[in-house]
Amino acid sequence: MSLFENLLANLEGFSLAKYSTWFFYGPDHVLLDCGEGVSTTLTNRIYAIERILLSHGHGDHVAGIPGFLYSRASSMGDTAKPLAIYYPRGDSNIDRLRKYIAQILPNPPYPLSWIGTGPGERIELPVPNRHVRTFPTVHLQRGASLGYAVVESRSRLKKEFAALSQKEIVAVVREKGRDYLTETYEKNLLVYSGDSMPLPPALAEEAEVLLHEATFLDPGERDLEIHSTVVEALRVAIEARVSSLVLFHLSTRYGKKDVKDAIQSAVAAAGTKLPVYYTFPRGLPTSFQRVQ
Ligand SMILES: [Zn+2]
Ligand SMILES: [Zn+2]
């Protein structure tokens, strides 16, 4: 199984524009957005979640929070396990939601922290060498929205030493130490756009999985410049040289066949072999449907 297939096998979620969007990545204990239905779908697996990363305060991305927090306070699981909710600093909807939660759930049994976050910040993860990098997205007319990249710190041989033989490498390591030969870099594993116009490809460079919103099939149906189309999201994925693409946040104005046909023709027109998936749940909420 390739790395992107492994990541996808551990990722589940639900997404329909204006209804609900959330994705759960189990190995890093993170939930990306918290639309309605998270706790009813995951049931006691909500206890695995240690961090919720909110892209913005629209209802379809945050309406699951009250139910989630209630369930985590009272159902079968470790109700004392801490929970941190990261959100774009200054988001007025989330500030209001936070006040409401403080009234309805004033003393949760678990430590609950709300952490206002800006672009270019780093969020630590429980897995060694992994963290989350935040980046700005283009969605709200007033206020900031965020995307999130789960990245892994890796080390590699510096380019200038690529031509050395194994014997020469051993000699240099003996003389100067391993750090002299290697450099660390950040490998994008999962990049999540939240709701946004197309991401700059540099933000998703060589990601294993790019989760990019694709609300529209036809750019003519977009009134405001706040969402992406299927063709635009695919272009980002190709330019960023990602290993796989998951399209989400499709509008319910389209039927399932329209969505599948539009994605297939965009893929054919681009002449790419990129594995493309989409979430368009009319059946099981956790199914990603592969196009090719
Ligand atoms: Zn949305
Ligand atoms: Zn939105």
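Atoms within each ligand, like the ligands themselves, are counted from 1 in listed order.
Vertex the Zn ion (ligand 1); arms to His61 atom NE2 and Asp195 atom OD2; angle 90° (nearest 10°). For the pair NE2 of His139 and ND1 of His58, the angle whose vertex sits at the Zn ion (ligand 2) is 90° to 10 degrees.
The aromatic rings of His227 and Phe216 sit perpendicular to each other, their planes meeting at more than 60°, with 30° as the lower class boundary.
For Tyr86 and Tyr148, the gap between ring centers reaches or exceeds 6.0 Å. Aromatic ring centres of His212 and His249 lie farther apart than the 6.0 Å criterion allows.
For Glu206 and Lys187, the salt-bridge test fails: no basic side-chain N is under 4.0 Å from an acidic carboxylate O.
Hydrophobic clustering (side-chain heavy atoms under 4.5 Å, transitive across Ile, Leu, Val, Met, Phe, Trp, Tyr) keeps Leu140 apart from Ile94.
Backbone or side-chain N, O or S atoms of His249 reach the Zn ion (ligand 1) at under 2.8 Å. Metal site remark for the Zn ion (ligand 2): His227 contributes no N, O or S atom at a distance under 2.8 Å.
Within Asp60, the N, O or S atom at minimum distance from the Zn ion (ligand 1) carries the name OD2.
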